[in-house]
Amino acid sequence: MADGNEENRRIEPKGSADAAQTKRRRRSPRRLLKGLLYLILCGLVLSFVIYSPLFTLQHVEVSGNATLPVSEIENIAQLEKGMPLLSIQTDEVMRHLTSDLRIESAEVRRRMPDTLQIAITERRPIATAAGDYGYLDLDRQGKVLSVYRTLHQLPIPVITGTTVPGVYIGDDNGNEVVTRILYFLQQLDDAALSQLSEVHVEANGDITIYTNSSVQIRLGPLEDLDVKAQQTQDFLDALPSSLHPIEFVDFRYKAPFIRLKDMPADIEEDKPDRAQ
């Protein structure tokens, strides 16, 4: 009897499982139909939202552009008014924008119901250097923005005493000295940068900067550039209002040394100790 009961207990779960499986099979087509109808409904709603005239591109708001007009940015981004807003892939728009040499970076966001917001950072030259084909304009990242045979007038300094060989438009600078000079220059604001005419690399590696008024800024070696950049910025801010003509300022010392043009030569002997 015990064995029979045990056998019945084994059989009953099997029968129950078969019944439940049969029940599920009976309900399966109805569930599939409901699921299919739900997907169709979602698709219709999504299609309405995407292609509805209420959600089409009507406005492009651009910020950060200094030289590129909005119409040019729209062309670069391959945007047209009336495009379904939700079908615009923002990462694709950013890819189009940053593929243009004039644009360093871009951010793109949708603003419902009909606006695309674009924030860009334009590439701008901060220094000119000599290259194989003449002169190169370089941005803060060392990207070559333009190449020309004859040096032309720009409100940016010329780097002399070293060259950037083997590059053309769109290439990256490979000269480490120039890279560090660009790092220094990018920390100066536009007003300070426009006062500089030349950044010269001396034979011993020291850097001497010349202003438009022929004042020398002696940086020394390319070290402590953050500190020297702040010192240079402060000096250039104060230079236009200086009461006495300045011959040079020397940042190679623990305390900056300023020599006036009418200062006796022997006073130079009293300069502070050279920074170690």
Side-chain angles (χ1 to χ4, degrees), residues 31-128 135-148 152-157 167-173 179 182-183 185-194 229 233:
R31 289 186 176 181
L32 286 175
L33 182 59
K34 286 182 178 180
L36 184 60
L37 290 173
Y38 177 76
L39 291 175
I40 292 173
L41 181 61
C42 289
L44 291 173
V45 172
L46 185 60
S47 298
F48 172 78
V49 171
I50 292 177
Y51 297 104
S52 169
L54 296 175
F55 301 100
T56 58
L57 180 63
Q58 299 299 327
H59 306 285
V60 177
E61 297 178 353
V62 179
S63 61
N65 56 319
T67 60
L68 290 171
V70 174
S71 59
E72 180 69 11
I73 293 172
E74 290 177 354
N75 289 334
I76 297 169
Q78 299 183 14
L79 297 173
E80 294 181 6
K81 299 292 177 62
M83 297 174 67
L85 186 64
L86 294 179
S87 69
I88 296 174
Q89 301 296 318
T90 55
D91 56 346
E92 186 73 7
V93 174
M94 286 189 287
R95 188 181 68 79
H96 289 316
L97 290 169
T98 54
S99 66
D100 190 289
L101 182 61
R102 296 167 293 179
I103 298 176
E104 180 180 317
S105 63
E107 293 183 5
V108 182
R109 291 191 179 100
R110 300 185 193 91
R111 193 182 73 188
M112 304 301 287
D114 58 4
T115 301
L116 200 67
Q117 295 177 318
I118 299 176
I120 69 168
T121 300
E122 291 185 6
R123 293 188 186 275
R124 63 183 185 89
I126 64 170
T128 299
Y135 294 94
L136 319 168
D137 286 339
L138 303 168
D139 76 346
R140 66 186 183 89
Q141 296 180 333
K143 183 77 71 177
V144 180
L145 301 184
S146 58
V147 177
Y148 41 90
H152 59 257
Q153 189 66 32
L154 280 178
I156 55 175
V167 295
Y168 200 63
I169 295 176
D171 293 338
D172 294 318
N173 157 63
T179 297
L182 295 176
Y183 175 80
L185 292 176
Q186 69 178 274
Q187 298 183 66
L188 306 179
D189 63 25
D190 291 344
L193 199 64
S194 66
Q233 178 70 54

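Since the structure is predicted, the reported quantities are computational estimates derived from the model, not experimental observations.
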For Gln89 and Arg95: C-alpha separation, side-chain torsions, deciding distance, then whether side chain to side chain contact (heavy atoms under 4.5 Å, CB included) applies. CA-CA 10 Å; Gln89 301 296 318; Arg95 188 181 68 79; over 6 Å; no
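- With rounding to the nearest 0.5 Å, the separation of CD1 in Ile76 from CG in Leu97 is 6.5 Å.
- A distance of 10.5 Å separates CG in Asn65 from OG1 in Thr121, rounded to the nearest 0.5 Å.
- The distance from the CG atom of Asn75 to the CD atom of Glu80 is 9.0 Å, given to the nearest 0.5 Å.
- Taking the side chain as every heavy atom from C-beta outward, Met112 and Leu86 approach each other to under 4.5 Å.
- In this structure a side-chain-to-backbone donor-acceptor pair under 3.5 Å is present from Glu122 to Ala66.
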Report the C-alpha distance between Ile156 and Leu193 in whole Å, list the side-chain angles of each, state the deciding distance to 0.1 Å, and finish with yes or no for side chain to side chain contact (heavy atoms under 4.5 Å, CB included). CA-CA 6 Å; Ile156 55 175; Leu193 199 64; 4.3 Å; yes
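- A pairwise comparison of heavy atoms in Ala127 and Leu185 identifies CB-CD1, 3.8 Å as the closest pair.
- Side-chain contact, Glu107 with Ser105: no donor N or O sits under 3.5 Å from an acceptor N or O.
- Nearest approach of Val144 to Tyr168, heavy atoms of both residues: CB-O, 3.3 Å.
- Separating the CG atom in Leu79 from the NE2 atom in His96 is a distance of 8.5 Å, to the nearest 0.5 Å.
- In this structure, Tyr148 OH and Leu154 CG are separated by 5.5 Å, a value rounded to the nearest 0.5 Å.
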Could you go through His59 and Asp114, starting from their C-alpha distance and side-chain angles, then the distance that decides it, and tell me whether this counts as side chain to side chain contact (heavy atoms under 4.5 Å, CB included)? CA-CA 6 Å; His59 306 285; Asp114 58 4; 3.7 Å; yes
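- In terms of heavy atoms, Ile103 sits closest to Leu68 at CG1-CD1, 3.7 Å.
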Between Glu61 and Ser63, does the side chain to side chain donor-acceptor pair (under 3.5 Å) criterion hold? Intermediate values first, please. CA-CA 7 Å; Glu61 297 178 353; Ser63 61; over 6 Å; no
Assess whether side chain to side chain contact (heavy atoms under 4.5 Å, CB included) is satisfied between Arg124 and Leu145, documenting all intermediate values. CA-CA 8 Å; Arg124 63 183 185 89; Leu145 301 184; 5.6 Å; no
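- At a cut-off of 3.5 Å, with distance as the only test, no side-chain donor of Gln141 or Asp172 sits close to an acceptor on the other residue.
- The nearest pair of heavy atoms linking Leu188 to Ala229 is CD2-O, 3.5 Å.
- Here the closest heavy-atom approach between residue Ala106 and residue Ile120 is recorded as CB-CG2, 4.1 Å.
- Annotation: side chain of Lys81 is in contact with side chain of Val60 (closest heavy-atom distance under 4.5 Å).
- Side-chain atoms of Arg110 come within 3.5 Å of backbone atoms of Ile88 as a donor-acceptor pair (strictly under, hydrogens ignored).
- Counting only distance, with no hydrogens or angles, the side chain of Arg140 and the backbone of Ile126 share no donor-acceptor pair below 3.5 Å.
- A donor-acceptor pair is defined here as one N or O able to donate and one able to accept, closer than 3.5 Å; no such pair exists between the side chain of Arg111 and the backbone of Gln117.
- To the nearest 0.5 Å, the span separating CZ on Arg109 from OG1 on Thr115 amounts to 14.0 Å.
- Smallest separation of non-hydrogen atoms from Leu101 and Arg123: O-CD, 2.8 Å.
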